[in-house]
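Keep in mind that this is a model prediction, so the values were computed, not measured. Note that these values count all heavy atoms, side chains included, but never hydrogens, waters or copies made by symmetry.
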Amino acid sequence: MADWMMLDGRNSRDIGLYVLEYPPLCVPRRRGANLSVRGGADMWLYDGPWAYEDMLLDVKCYARAGADWEAIAAYLTPDAREIIFGDQPQYALTGKCDEALELKRVLRERQARAFTLPLRCAPFKRLASPGLAVTLTAAGSIEHPGTARSYPLIEVTGTGDVDIITHATQHFTISGLESGAPILIDSGAMICTNGAGTADWSARTAGDYPYLDPGANTISFTGNVTQIKITPRFQWLGR
């Protein structure tokens, strides 16, 4: 039976595009460089603990007879998209078409034809439905069930100067919080905004953006904090 994928929430079957074969489950390569050592063996130096190459995934597809190639071309634009495959609907990837597709050739005479869709995807997958945020009013811990570092969205409500401490040693400071005016810390984008997301408040902050590693993550804070609301954005390595 033909299967499906979703790009930015739209099912491929809606435009007559079906998946014949999903890409294999895989993990990406660590990113690094080879260092030549004079008089000794070469060394491979990794860029960091969570530095990985993009994944190149081939999806075998076919378009039904009479499908509108212009609609399919619009669906497969090379922009970065959220991708959900039907064999793992609980997870989402971020990726895009890696090469130009000659759709007029693929859909010649609008007959049903099979073709390979090359996708370049980020090395981590996340939950398609993020789940509930965690609210802390005192020091606590978040258990990360995934296998890759994640970068949460954190909303802080309080007054005055605040210091958020993660992993017992990493500090992220916020200056001049006002009552009823929370700040949003987007660790993935490395930006801080007002609660509505309409004004950049990054200049009020300093330190390392908080992250969550697989396993237990301690979180504490100092200052007059009413609450911290954390959307974890758990991640898993590979497809």
Applying side chain to side chain donor-acceptor pair (under 3.5 Å) as the test, list every pair that has at least one member in [range]; sequence neighbours left out.
| range | answer |
| --- | --- |
| residues 172-201 | D186-R233, N194-T198, D200-S202 |
| residues 136-145 | none |
| residues 214-225 | T159-N224 |

Considering residues at least two apart in sequence or located in another chain, which fulfil the side-chain contact (heavy atoms from CB on, under 4.5 Å) criterion with [X]?
| X | answer |
| --- | --- |
| P123 | P28, Y52, D54 |
| R29 | E53 |
| T157 | E155, P182, T226, Q227 |

Side chains of [X] and [Y]: does their closest heavy-atom pair fall under 4.5 Å?
| X | Y | answer |
| --- | --- | --- |
| I154 | P210 | yes |
| I228 | T135 | no |
| L7 | I83 | yes |
| I174 | V156 | yes |
| L177 | D161 | no |
| C61 | L117 | yes |
| L127 | Y91 | yes |
| I142 | I230 | yes |

Closest non-hydrogen atom pair, [X] against [Y]:
| X | Y | result |
| --- | --- | --- |
| P214 | A148 | CG-N, 3.6 Å |
| H167 | D213 | CE1-N, 4.2 Å |
| Q88 | I84 | O-CG2, 4.3 Å |
| L119 | V59 | CD1-CG2, 3.7 Å |
| P152 | Y211 | CD-CA, 3.9 Å |

Would a hydrophobic clustering, with Ile, Leu, Val, Met, Phe, Trp and Tyr connected at side-chain separations under 4.5 Å, put [X] with [Y]?
| X | Y | value |
| --- | --- | --- |
| L184 | I191 | no |
| F124 | F234 | no |
| V134 | L153 | no |
| L93 | W236 | no |

Intermediate values then yes/no, side chain to side chain contact (heavy atoms under 4.5 Å, CB included), I183 and T205: CA-CA 10 Å; I183 188 171; T205 66; 4.0 Å; yes
Hey, could you give me the [atom1]/[atom2] distance between [X] and [Y], rounded to the nearest 0.5 Å?
| X | Y | atom1 | atom2 | result |
| --- | --- | --- | --- | --- |
| K60 | L20 | NZ | CG | 9.0 Å |
| R149 | L237 | CZ | CG | 13.0 Å |
| K96 | L76 | NZ | CG | 14.5 Å |
| H171 | T166 | NE2 | OG1 | 8.5 Å |

Using a 3.5 Å distance criterion without hydrogens, assess whether the side chain of [X] forms a donor-acceptor pair with backbone atoms of [Y].
| X | Y | answer |
| --- | --- | --- |
| Y22 | W4 | yes |
| S150 | P232 | yes |
| Q235 | K125 | no |
| R81 | Y75 | yes |

Worked check of side chain to side chain contact (heavy atoms under 4.5 Å, CB included) between F85 and R239: CA-CA 10 Å; F85 292 116; R239 144 112 164 100; 3.8 Å; yes
Side chain to side chain contact (heavy atoms under 4.5 Å, CB included) evaluation trace for R10 with I15: CA-CA 9 Å; R10 188 178 181 191; I15 57 169; 3.0 Å; yes
Salt bridge present between E82 and R126 (N-O < 4.0 angstrom): yes
Stepwise side chain to side chain donor-acceptor pair (under 3.5 Å) check, Y18 with D3: CA-CA 6 Å; Y18 301 88; D3 245 311; over 6 Å; no
Validation row, ring centre F172 to ring centre Y209 under 6.0 Å: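 Judged by ring-centre distance (under 6.0 Å), F172 and Y209 do meet the cut-off.
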L25 atom CG: more than 12 heavy-atom contacts under 6.0 Å: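 More than 12 heavy atoms, drawn from other residues, nucleotides or ligands, come within 6.0 Å of this atom.
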Trace of the side chain to side chain contact (heavy atoms under 4.5 Å, CB included) decision for M55 with C26: CA-CA 8 Å; M55 297 183 293; C26 60; 4.0 Å; yes
